[in-house]
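First comes the structure, then the notes that go with it.
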There are 2 protein chains.
Amino acid sequence: MADSRTPRSSDGLGSASPAPAVTRAAAVMDALAASATGRLTLSDLARELGIPKSSTSNLLLALEEARLISRQGAEFTLGRKLVELGAAYLSRLDEVQEFYRFCEQAPTLSGETVRIAMLDGTNVIYLARYEGHPAVRLTSNIGDKMPVSLCAVGKALIARLHDHDVDAMFSDTAELPVLTPKSLRTGAELKAQLRTIREQGYAFEDEESTTGVVCLAVSVPTRGAHGPSLGLSVTALKATYTEEQGSQMVKELKELARSLGNPMG
Amino acid sequence: MADSRTPRSSDGLGSASPAPAVTRAAAVMDALAASATGRLTLSDLARELGIPKSSTSNLLLALEEARLISRQGAEFTLGRKLVELGAAYLSRLDEVQEFYRFCEQAPTLSGETVRIAMLDGTNVIYLARYEGHPAVRLTSNIGDKMPVSLCAVGKALIARLHDHDVDAMFSDTAELPVLTPKSLRTGAELKAQLRTIREQGYAFEDEESTTGVVCLAVSVPTRGAHGPSLGLSVTALKATYTEEQGSQMVKELKELARSLGNPMG
DNA sequence: GGTTACTGTTCAGTGGAATGAACAACCTAC
DNA sequence: GTAGGTTGTTCATTCCACTGAACAGTAACC
C-alpha cells in the first residue's frame with residue numbers, strides 16, 4: 001500500500017533518475033552484452049527490461065542512429081561505436097600505454113604472459129596482455145571478464161579494499177563461482193586469503209581458474225585520486241613453476257607496478 | 001517564415017529524433033572521446049554541444065549512474081562500462097576470436113606483426129594484433145584509429161566498396177590527412193590506387209603512415225549479411241622487405257582471410 | 001574590496017517525448 | 001480457415017523531463 005503512486009518505479013532501475021531515456025539506453029546495452037548470443041529482438045528487450053514496446057522502439061532507433069547498437073534484420077546487437085569508445089577510454093589510461101614498454105625490461109617476466117587488469121565491481125577486466133615468448137598461449141582475450149575470487153589479480157585488487165567494502169561484496173556464506181576443484185567456494189575462504197595477500201604484498205592463484213596454471217599478481221598504486229584500480233599478473237604452468245622463479249616474478253611485478261604507479265616513471 | 005517552428009533543431013543533431021536524450025548522451029561520449037585530454041567539464045560539454053547547462057547536468061548524472069562516464073571532481077571522463085561493452089562487442093566477433101589461432105599456422109607471417117582491423121566510416125580500428133617474434137614492436141595499440149587513406153588495411157577495405165560509396169566519402173579534390181611525405185594527398189590519388197588493389201587482390205602501403213615501414217593487407221569476406229568489414233595486415237620494415245617475401249605474405253594473408261571468412265573454418 | 005568571468009546548482013512552467021491500446025503482418029497449428 | 005501466438009508499427013493523449021533564468025559558489029584580476 002502507501003506510496004504505490006509512482007507508476008514508473010516498476011522497473012528495477014534507479015528511482016527518480018534525471019534522464020530516464022539514458023538509463024534505459026544503458027540497460028539495453030547491458031542486456032545485449034549479457035545475453036548469450038548478443039542478439040535480441042525489440043520484443044525480447046521490451047520484455048526483459050519492462051519497457052513498453054513502443055518506447056523500446058524509439059529507444060532502439062536513437063541508439064542505432066548513434067551506432068551504439070546495430071540492427072540486423074529483426075535483431076539488435078551492440079554497435080561498433082562501443083569499440084571506439086572503449087578504446088578511447090583505454091587510450092587515456094597511461095598505465096596501459098606504458099605497460100608494454102615496461103614489460104620488456106623485466107627479464108624473468110618477458111618469457112611469460114603478463115597482463116594488466118582493472119577492477120570492475122566483483123569482476124576484473126583484462127586490459128592488455130604481453131607475451132614475450134609465448135610457450136603457452138592463453139585463450140583469454142583483451143576485455144575478458146573474470147570474477148575476482150577466481151584469479152590472482154582479482155584477489156590482489158580486492159585485498160586493497162577496506163574490510164567493510166569487501167563484506168559488502170561478499171558475505172561469509174556467499175557462494176562463489178567455481179571453475180575448477182580448487183576454486184574458492186565461500187566469501188569466508190576468500191577473505192581469509194586476503195589477510196595473507198596483504199601481508200605478503202602479492203596474490204597467488206593455484207589452479208583456481210584453470211587446472212595446470214598458476215598465477216601471481218600485485219596491485220598497481222592508483223595515480224591521482226580517481227583512477228581505476230589496476231593490477232598486474234603473470235601466468236605460469238604449474239608443472240614448471242618453482243618457488244624461486246615465483247619470488248623473482250613477484251619482485252619484477254612489484255617493480256612494474258611501482259613504475260606504472262609513478263607518472264612519468 | 002514557414003517551419004521555423006522547431007526550436008530544438010538549432011543543434012546540428014539529426015532532426016526529429018525519437019529519444020533526444022539518447023542522441024545527446026552519445027554526443028557527450030563522442031565529445032569526450034574526441035577531446036585531447038579526455039576530460040571536460042559540464043560547461044565545456046554544454047558549450048560544445050549546444051545543450052543548456054541544466055539539461056547537460058541531468059544528462060551527465062544519468063550517464064554517470066550508468067557508469068558510461070565518470071566524474072572526477074569537476075571533470076568528466078569516459079566510464080569503465082565502455083570497456084566492458086566494447087569487449088562484449090568484440091567477444092561476439094568470431095573472426096577476432098579465431099584470429100590468434102590462425103596466425104600461428106602461417107609460417108611467414110608468424111615472424112611479423114599481423115593485425116585485424118575493422119572499417120568504421122573513413123577510419124579503420126585495429127581490433128587485435130599478433131606478434132610472433134617481435135623484432136620491431138609497433139607503438140599502435142588495440143582500438144587505435146587510422147584514416148583509411150593512410151594504411152594498407154584501410155585501402156583494402158574501401159577497395160571493396162562500390163565506386164559511388166567511395167565517391168561519397170572522398171571527392172577527387174578532398175585533402176587527405178598526411179603523416180609522411182609519401183602519404184596520399186587527394187581523393188583522386190586514393191581512388192587510382194583502388195583500381196590496382198582490386199586487380200591484385202591486396203593493398204600495399206609504402207611508408208605512407210610511418211617512414212621505414214611497409215604494409216600489406218587484404219580484406220576478409222564478411223560472414224553473414226550484416227557483419228562489419230574486416231581486414232588483415234602485415235607490417236614489415238622497408239629495409240629488409242623483399243618482393244619475394246611480400247608475395248609469400250600475401251598468399252598467407254589470403255589464406256587467413258579465407259579461413260576467417262568461413263564459419264568454422 | 002570590487003569587478004568580471006567563470007563554475008555548477010535550483011526550480012517552476014511548459015512543450016514534446018513516452019505511453020498503451022489498437023493495428024497489421026506475419027507465423028505455426030489443428 | 002479460424003484461432004492463438006507472435007512480431008513491430010502507428011497515433012492521440014497525457015504527463016514528465018527539459019528548459020532558461022536566476023542563483024550561489026569560486027577564481028582571477030586590478
Side-chain angles (χ1 to χ4, degrees), chain A residues 3-28 31-32 35 37 39-66 68-77 225-226, chain B residues 3-28 31-32 35 37 39-66 68-77 225-226:
Chain A
D3 58 1
S4 67
R5 196 183 319 189
T6 55
R8 198 171 292 185
S9 67
S10 55
D11 50 19
L13 306 176
S15 39
S17 52
V22 174
T23 308
R24 289 174 161 189
V28 165
L32 285 172
S35 80
T37 64
R39 300 169 171 276
L40 294 174
T41 65
L42 188 155
S43 301
D44 290 337
L45 288 163
R47 202 178 319 108
E48 186 165 335
L49 303 176
I51 302 175
K53 282 193 294 182
S54 51
S55 316
T56 307
S57 177
N58 284 339
L59 210 53
L60 294 176
L61 245 49
L63 280 166
E64 189 188 5
E65 200 186 8
L68 291 169
I69 66 171
S70 157
R71 160 179 259 137
Q72 309 192 350
E75 293 179 320
F76 293 87
T77 63
H226 299 280
Chain B
D3 58 358
S4 67
R5 197 181 321 189
T6 55
R8 197 172 294 185
S9 66
S10 57
D11 51 17
L13 306 176
S15 40
S17 51
V22 174
T23 309
R24 289 174 160 190
V28 165
L32 285 172
S35 81
T37 65
R39 300 169 170 276
L40 294 174
T41 65
L42 188 156
S43 301
D44 289 337
L45 287 163
R47 202 177 321 108
E48 187 164 336
L49 303 177
I51 302 175
K53 283 194 293 184
S54 52
S55 316
T56 307
S57 176
N58 284 340
L59 210 54
L60 293 176
L61 244 51
L63 281 166
E64 188 188 6
E65 200 186 9
L68 292 170
I69 66 172
S70 158
R71 159 179 261 136
Q72 309 193 350
E75 295 179 320
F76 293 87
T77 63
H226 298 281

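Reminder, nothing fancy here: chain letters follow the sequence lines and each chain counts from 1. All of these numbers come straight from a predicted model, not from anything done at the bench.
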Which pairs with one or both residues in residues 48-59 of chain B pass salt bridge (Lys or Arg N to Asp or Glu O under 4.0 Å), sequence neighbours excluded? none
Residue A:Arg24, side-chain atoms from C-beta onward, closest of C:dA18, D:dA17, D:dT19: C:dA18
Closest heavy-atom pair, B:Ala31 versus B:Leu40, reported as atoms and distance to 0.1 Å, is O-CD1, 3.9 Å
Reading DNA chain D 5' to 3', how would its secondary structure be written in dot-bracket notation, given Watson-Crick and G-U pairs with both distances under 3.5 Å, brackets [ ] for crossing pairs and | for partners on other strands? |||.||.||||||||||||||||.||||||
Integer-rounded Å distance: C:dG20 P and A:Asn58 CG: 13 Å
So do B:Ile69 and B:Phe76 actually touch side chain to side chain, heavy atoms under 4.5 Å? yes
Calculate, to the nearest 0.5 Å, the distance between atoms CZ and OG belonging to A:Arg39 and A:Ser35 respectively. 9.5 Å
Donor-acceptor contacts under 3.5 Å from residues 54-62 of chain B side chains, at least two apart:
residue : atom : partner : partner atom : Å
B:Thr56 : OG1  : B:Ile51 : O            : 3.4
B:Thr56 : OG1  : B:Pro52 : O            : 2.8

Considering all heavy atoms, the nearest B:Ala25-B:Leu63 contact: CB-CD2, 3.9 Å
In whole angstroms, the gap separating P of C:dA17 from CG of A:Leu59 amounts to 14 Å
side-chain hydrogen bond (donor to acceptor under 3.5 Å, both in side chains) partners for A:Arg71, two or more places apart: A:Glu64
Partners of B:Asp44 by side-chain hydrogen bond (donor to acceptor under 3.5 Å, both in side chains), sequence neighbours excluded? B:Thr41
Letter per nucleotide, 5' to 3', of nucleotides 5-12 of chain C [B base touched, S only sugar-phosphate touched, - untouched; heavy atoms, 4.0 Å]: --BBSB--
